[in-house]
J.: 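Pasting in a structure now, in structure tokens, and then I'll have a few things to ask.
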Amino acid sequence: IDTYKVETNILDSIRLKLEHENRYEPFDQNVLERLHSNLASHSEPRAYLQSRGISTDSMIEYFLGYSLPMDMVTFPYYDPEGKFVVGFQARSVTGKEFKNSTGTKKSQTLYGIQHHKWDSEVFLFESPIDSILAHQHGIPAVSTMGANPSKTQISLLTSHYKTIYVVADNDSAGKAAAFKLCEKLDGRGIMVLPPEGVKDIGEMNIHEIPQWANRVKNPVNSLLGEM
């Protein structure tokens, strides 16, 4: 059975690589630079991102941007190999509206994979913002950029990572979705929850996030420490 899984993962990797060579085109760099420059020169979208816990360094590292016509912050995402940007997801500064760039669909890759392609384990979030928050604290994290991961995203997860901590929102719908996803991850998925009373890590402070991640990864040590 183990040999079969190894062979299957190798075949998945080869298939994904071949699909990558034929499917992905770099997004217009001029557009990305203009959006990034807009963010640097407009305080309101920067203030919104900071209110969500995203640091200035992360805005630069992830090359976040801002669209004036849409009044949305933009989150560029890379091809599955983490080599170049193939599109972006945009989120309204006020309200909760989302849009996606034309071209490569977000369902064909994982947000943040350029930083964590070679990690053996990863925390999986629905929201790009949550994955950035985790990354800021040295936690390997990627995002599906939506509530329903595609078959391609599931293949990427199982071909790259041995352990996938599927972070669920602390409500019945979030728990059900995370449980269902874990069943598709070839035994690699572990459903985890934010602390009680917190819906997602965006509601946690800068000290609580790394402490929570450490408890998730080392539950026995955490319990012994509390005794």
Side-chain angles (χ1 to χ4, degrees), residues 48-55 58 62 73 75 77 89 91 95-98 106-107 109-227:
Y48 164 73
L49 291 169
Q50 289 167 346
S51 74
R52 299 295 301 274
I54 296 180
S55 67
S58 290
Y62 281 83
V73 288
F75 298 84
Y77 51 83
Q89 184 177 67
R91 190 196 195 286
K96 195 175 180 181
E97 182 181 357
F98 296 90
K106 62 183 178 64
S107 61
T109 188
L110 295 166
Y111 185 82
I113 197 169
Q114 73 274 19
H115 295 303
H116 300 293
K117 177 184 173 184
W118 302 111
D119 289 293
S120 62
E121 60 182 24
V122 72
F123 282 70
L124 178 65
F125 296 91
E126 177 183 330
S127 163
I129 288 179
D130 287 348
S131 68
I132 295 175
L133 291 177
H135 175 79
Q136 286 181 172
H137 296 283
I139 303 165
V142 295
S143 162
T144 55
M145 298 178 280
N148 300 302
S150 67
K151 291 182 179 179
T152 298
Q153 289 176 322
I154 290 171
S155 293
L156 286 170
L157 289 164
T158 55
S159 64
H160 281 302
Y161 307 111
K162 293 181 179 179
T163 304
I164 304 158
Y165 298 104
V166 181
V167 184
D169 283 352
N170 243 340
D171 55 34
S172 57
K175 294 173 185 177
F179 181 80
K180 185 176 180 180
L181 174 56
C182 284
E183 292 182 324
K184 301 177 181 179
L185 294 174
D186 295 341
R188 300 164 188 244
I190 301 173
M191 186 177 79
V192 298
L193 296 171
E196 187 176 350
V198 173
K199 182 181 179 182
D200 55 48
I201 71 165
E203 297 181 0
M204 299 163 64
N205 66 43
I206 59 174
H207 303 293
E208 291 171 335
I209 293 174
Q211 292 171 355
W212 163 76
N214 185 59
R215 288 196 300 270
V216 166
K217 295 167 65 174
N218 304 284
V220 175
N221 291 341
S222 297
L223 288 173
L224 290 174
E226 294 173 359
M227 294 177 64

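What you see below is based on every heavy atom in this structure, not just the backbone, and it leaves out hydrogens, waters and symmetry mates. In this text, all values refer to a predicted model and were calculated from it rather than measured experimentally.
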J.: Sequence neighbours left out, what passes side-chain hydrogen bond (donor to acceptor under 3.5 Å, both in side chains) with Glu121? Give chain and number order.
T.: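 By the side-chain hydrogen bond (donor to acceptor under 3.5 Å, both in side chains) rule, Glu121 matches Lys217.
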J.: If you look only at distance, which donor and acceptor atoms sit under 3.5 Å apart when one is on a side chain in residues 189-205 and the other is two or more places apart or in another chain?
T.:
from   : atom 1 : to     : atom 2 : distance (Å)
Asp200 : OD1    : Gly202 : N      : 2.9
Glu203 : OE1    : Lys199 : N      : 3.1
Asn205 : OD1    : His207 : N      : 2.9
Asn205 : OD1    : Glu208 : N      : 2.8

J.: Provide the full list of ring-ring contact (aromatic ring centres under 6.0 Å, His included) pairs with a residue in residues 150-204, sequence neighbours left out, each pair given once.
T.: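 Every ring-ring contact (aromatic ring centres under 6.0 Å, His included) pair that includes a residue of residues 150-204, provided the two are not neighbours, is Phe123-Tyr165.
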J.: In Å and rounded to the nearest 0.5 Å, what is the CD1 to CZ distance from Ile132 to Arg52?
T.: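 Ile132 CD1 to Arg52 CZ: 10.0 Å, rounded to 0.5 Å.
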J.: With sequence neighbours excluded, what pairs up with Gln89 under the side-chain contact (heavy atoms from CB on, under 4.5 Å) test?
T.: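 Scan of Gln89 (side-chain contact (heavy atoms from CB on, under 4.5 Å), adjacent residues dropped) gives Phe98, Asn100, Lys106, Pro128, Met145.
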J.: Go through Leu181 and Leu124 one step at a time and tell me if the side-chain contact (heavy atoms from CB on, under 4.5 Å) criterion holds.
T.: CA-CA 11 Å; Leu181 174 56; Leu124 178 65; 3.6 Å; yes
J.: Working to the nearest 0.5 angstrom, can you tell me the gap between Ile164 CD1 and Leu157 CG?
T.: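 Rounded to the nearest 0.5 Å, the CD1-CG separation comes out at 4.5 Å.
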J.: Donor-acceptor pair, Gln153 side chain versus Thr109 backbone, under 3.5 Å?
T.: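 The answer is yes, because a donor-acceptor pair under 3.5 Å joins these two groups.
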J.: Output every pair passing side chain to side chain donor-acceptor pair (under 3.5 Å) with a member in residues 175-185, not counting sequence neighbours, ordered by first then second residue.
T.: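 As it turns out, there is no side chain to side chain donor-acceptor pair (under 3.5 Å) pair with a partner in residues 175-185 once direct neighbours are skipped.
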J.: Do you know which two heavy atoms are closest between Ile139 and Pro210, and how far apart they sit?
T.: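 Distance-wise, the nearest heavy atoms are CD1-CA, 4.3 Å.
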J.: About how many Å separate OG of Ser155 and CG of Asp186, when rounded to the nearest 0.5 Å?
T.: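 Output value for this atom pair is 8.5 Å.
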J.: Do any pairs count as a side chain to side chain donor-acceptor pair (under 3.5 Å) and have a residue in residues 130-148, sequence neighbours left out, and if so which ones?
T.: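 Listed once each, the pairs are Ser55-Gln136, Ser58-Gln136, Glu61-His135, His116-His135.
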J.: Measuring centre to centre across the rings, with the benzene-like ring taken for any Trp, is Tyr111 within less than 6.0 Å of Tyr62?
T.: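 Aromatic pair counts; centres sit under 6.0 Å.
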